[in-house]
Amino acid sequence: MLKHVSFFFTVILVAPFLLNAQNSETEKLVAAMLGHTQIQDDLHELCDKIGGRVTGTEANTKAIEWGVRKFKEAGVDVKKEAFQMPSLWDEKSCTAKITGTSNFSPRVVSRAFSVGTNASGLEAELVSVGYGTEDDFKKAGDKVKDKFVLVTTDELTELGGLFKEYNDAHEIEGRAMAAQVKGVIYMSSRPKKLLFRHLASRGYNNTLPLVVMARDDASRCIRILDKGGKLNINLNIELTTGGSYTSYNVIGEIKGSEKPDEIVLIGAHLDSWGMGTGANDNGCNVSLVIDIARQMTLLGIKPKRTIRFALWNGEEQCICGSYAYTQQHDKELDKHVVIASIDIGSGKITGFFTGHRPELDAETKKALESVASLGPFQNADVPIVGTDNYDFMMQGVPNLVGIQEGANYCSDYHSESDTYDKVNLQNLKINSAIAASAMLHFANLDKVTLKRQSRNEVQKMIDETKLDLPMKAFEYWQGWLDGTRGRKL
Ligand SMILES: [Zn+2]
């Protein structure tokens with residue numbers, strides 16, 4: 001109830017903006033987005049009722065059908081677009097027992113695509129390797145062979161730390177494989193007993209048991225080991241695994257009135273890791289995308305260009321849904337004027353990442369003028385790797401990712417605590433208005449100056465921004481080199 005009350009104040013605060021506004025379509029749309037809509041009811045249904053929705057699970061299938069129904073109820077044309085996921089992975093259970101100098105059962109959870117164990121578990125000595133740097137592994141030498149290594153982490157407090165966590169894991173897992181360890185145990189980067197699930201850095205190609213241990217429990221192990229104690233760990237990881245399977249993106253569409261073959265697209269990923277209920281990552285922005293489609297339809301808005309609303313699937317495993325879209329809609333990509341991904345929770349949108357494309361930065365600034373009172377806005381003209389803009393970027397399509405204030409995004413990210421109550425509903429409403437007006441701006445442009453880049457131009461962008469580093473950390477580099485993931489010419 002409190003959320004409703006505080007939302008009421010939001011409407012009052014933005015009222016002067018509405019009063020001064022001219023009665024244009026954009027302003028009507030912004031007013032509708034900021035007014036009472038179903039956005040939080042949708043979020044409640046998706047997160048509280050359907051819950052965490054790992055691609056390939058029953059909950060994910062429910063979420064697909066839910067998404068289709070939501071667009072239909074909003075009067076928006078919608079279809080499911082099938083694609084193949086490489087292989088199935090879901091955790092059934094993950095437990096551990098520590099024995100030796102002390103005996104206790106730490107809280108653990110597997111990283112996605114961890115190798116499972118047999119029913120009696122996998123047991124070996126536990127060896128602390130500090131932060132798992134090159135020096136740490138050098139110092140440890142042969143001592144870690146066939147042992148479980150315990151890696152210390154810093155507590156995650158801001159987005160920069162998250163990118164570092166991904167990069168570090170890629171290097172640590174490389175060193176661990178070279179040292180022939182039995183498995184890697186990361187101290188949780190979240191406080192106290194909180195657990196979270198990240199992808200194994202090698203994704204589908206991972207060959208190690210990989211788990212995260214509660215920070216308090218991992219600290220206890222390290223204190224014992226530092227004082228000369230000896231510990232063994234028995235890890236028991238039970239998984240549901242399988243081969244390739246079909247999943248679906250949900251694609252809504254409002255046809256353009258003048259240039260229906262030219263497309264402006266906004267998307268958010270429908271899937272989540274299953275520990276929390278995927279609220280800030282990314283149920284809130286699924287609700288945002290649906291609500292934009294709904295309000296545009298309710299207002300009878302007929303954009304000049306077609307606007308597509310994408311609920312991507314398989315994002316967490318491999319960004320597979322949006323990749324599949326770029327393959328299936330290959331012939332249309334020249335006509336994609338701009339695409340946007342919203343995937344950094346419910347912190348307020350403060351601008352867009354514009355992908356190292358000054359012309360897109362300039363046009364996005366203009367797009368944000370009509371919602372200047374919801375700013376201030378500052379774009380960052382840099383490319384982003386790690387969400388659904390990726391394959392569009394590699395195909396040379398102008399692409400945006402919302403820049404959002406961090407707020408509580410990091411502590412809950414991929415963790416058990418990513419639930420409805422963590423979503424900032426006021427910001428979500430404001431963000432929906434910002435994104436809606438920006439998309440309408442691009443859809444109604446008189447003249448489009450944004451161009452699809454050639455492979456050479458994409459390569460130039462990669463070189464100028466050192467994008468090969470995150471591409472390598474996310475294991476996308478080879479796909480770009482061999483032309484399976486990215487523009488061929
Ligand atoms: Zn996400």
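For ligands, and for the atoms within them, numbers begin at 1 and follow the listed sequence.
Residue Asp281: an N/O/S atom is found under 2.8 Å from the Zn ion (ligand 1). The Zn ion (ligand 1) does not have Glu315 among its coordinating residues (no N/O/S atom, backbone or side chain, under 2.8 Å).
Using bins of under 30°, 30° to 60° and over 60° for the plane-to-plane angle, the ring pair Tyr166/Phe474 lands in the tilted bin. Between Phe392 and Tyr325, the two ring planes are tilted [angle within 30° to 60°]. The aromatic rings of Trp89 and Trp273 lie perpendicular to each other, with more than 60° between the two planes, well past the 30° mark.
Taking the ring centre of Trp480 as origin, the terminal cationic atom of Arg487 falls outside the region bounded by 6.0 Å and 45° from the ring axis.
For Asp343, the N/O/S atom at the shortest distance from the Zn ion (ligand 1) is named OD1.
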